[in-house]
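The structure appears below as structure tokens.
Keep in mind it's a predicted model, so treat the numbers as computed, not measured.
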Amino acid sequence: MPRTNMGKISFAMLLILFIQIISIVTMLFINGLGALTIILYSFVTAPFGLLFGISGIVKESGRSLIVPWVTTIVSVILLALFLITLFGFSFGD
């Protein structure tokens, strides 16, 4: 468990990002366009995850660095998924 406040905020952001990933995966099985809608909301949460993850990396030390690193990696993945969805899809062409 992180010791500093930024590490704890990073942990909370990681929980939010995991809830978002779980909702994306469940919506993929129910309705693909619903999953796209959830992915398009990740432009709000992913930059916050990057911000808190990087600041947690700077503030934490020792074994508690794992949570900020995971938060940063998950945020980068969600941001990349958002950008691929935004610029990669072409409907009807």
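- Clustering ILVMFWY residues whenever any of their side-chain heavy atoms sit less than 4.5 angstrom apart, transitively, puts Leu14 in a cluster other than the one holding Trp69.
- Panel note: side chain Ser10, backbone Met6; no donor-acceptor pair is recorded below 3.5 Å.
- Screening residues 2-39 for ring pair (Phe, Tyr, Trp, His ring centres under 6.0 Å), with sequence neighbours left out, gives no hits.
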Run the side-chain donor-acceptor check on residues 43-62: report pairs under 3.5 Å with partners two or more places apart or on a different chain.
unit_1	atom_1	unit_2	atom_2	d
Thr45	OG1	Gln20	OE1	2.7
Ser55	OG	Leu51	O	3.0
Ser55	OG	Phe52	O	3.1
Glu60	OE1	Arg3	N	3.4
Glu60	OE1	Ser64	OG	2.5
Glu60	OE2	Arg3	N	3.3
Glu60	OE2	Thr4	N	2.9
Glu60	OE2	Thr4	OG1	2.5

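- Contacts classified as side chain to side chain donor-acceptor pair (under 3.5 Å) and involving residues 24-34 (residues at least two apart or in different chains) are not found.
- Residues that satisfy the side chain to side chain contact (heavy atoms under 4.5 Å, CB included) test with Asn5, not counting sequence neighbours, are absent from this structure.
- With values rounded to the nearest 0.5 angstrom, Thr71 atom OG1 is found 8.5 Å from Leu15 atom CG.
- Ser42 has its side chain out of reach of Leu79: every pair of non-hydrogen atoms, C-beta onward, lies at least 4.5 Å apart.
- The side-chain heavy atoms of Ile24 and Leu78, taken from C-beta on, include a pair separated by under 4.5 Å.
- Under a 4.5 Å side-chain heavy-atom cut-off, the cluster of Ile, Leu, Val, Met, Phe, Trp and Tyr residues that includes Ile73 is completed by Ile77.
- Atom CD1 of Ile22 is separated from atom CD1 of Ile38 by 11.5 Å, given to the nearest 0.5 angstrom.
- Connectivity analysis of hydrophobic side chains (ILVMFWY, heavy atoms under 4.5 Å, direct or indirect) links Tyr41 to nothing; its cluster partners are none.
- Of the possible polar contacts, one joining the Thr37 side chain to the Leu33 backbone as a donor-acceptor pair under 3.5 Å is found.
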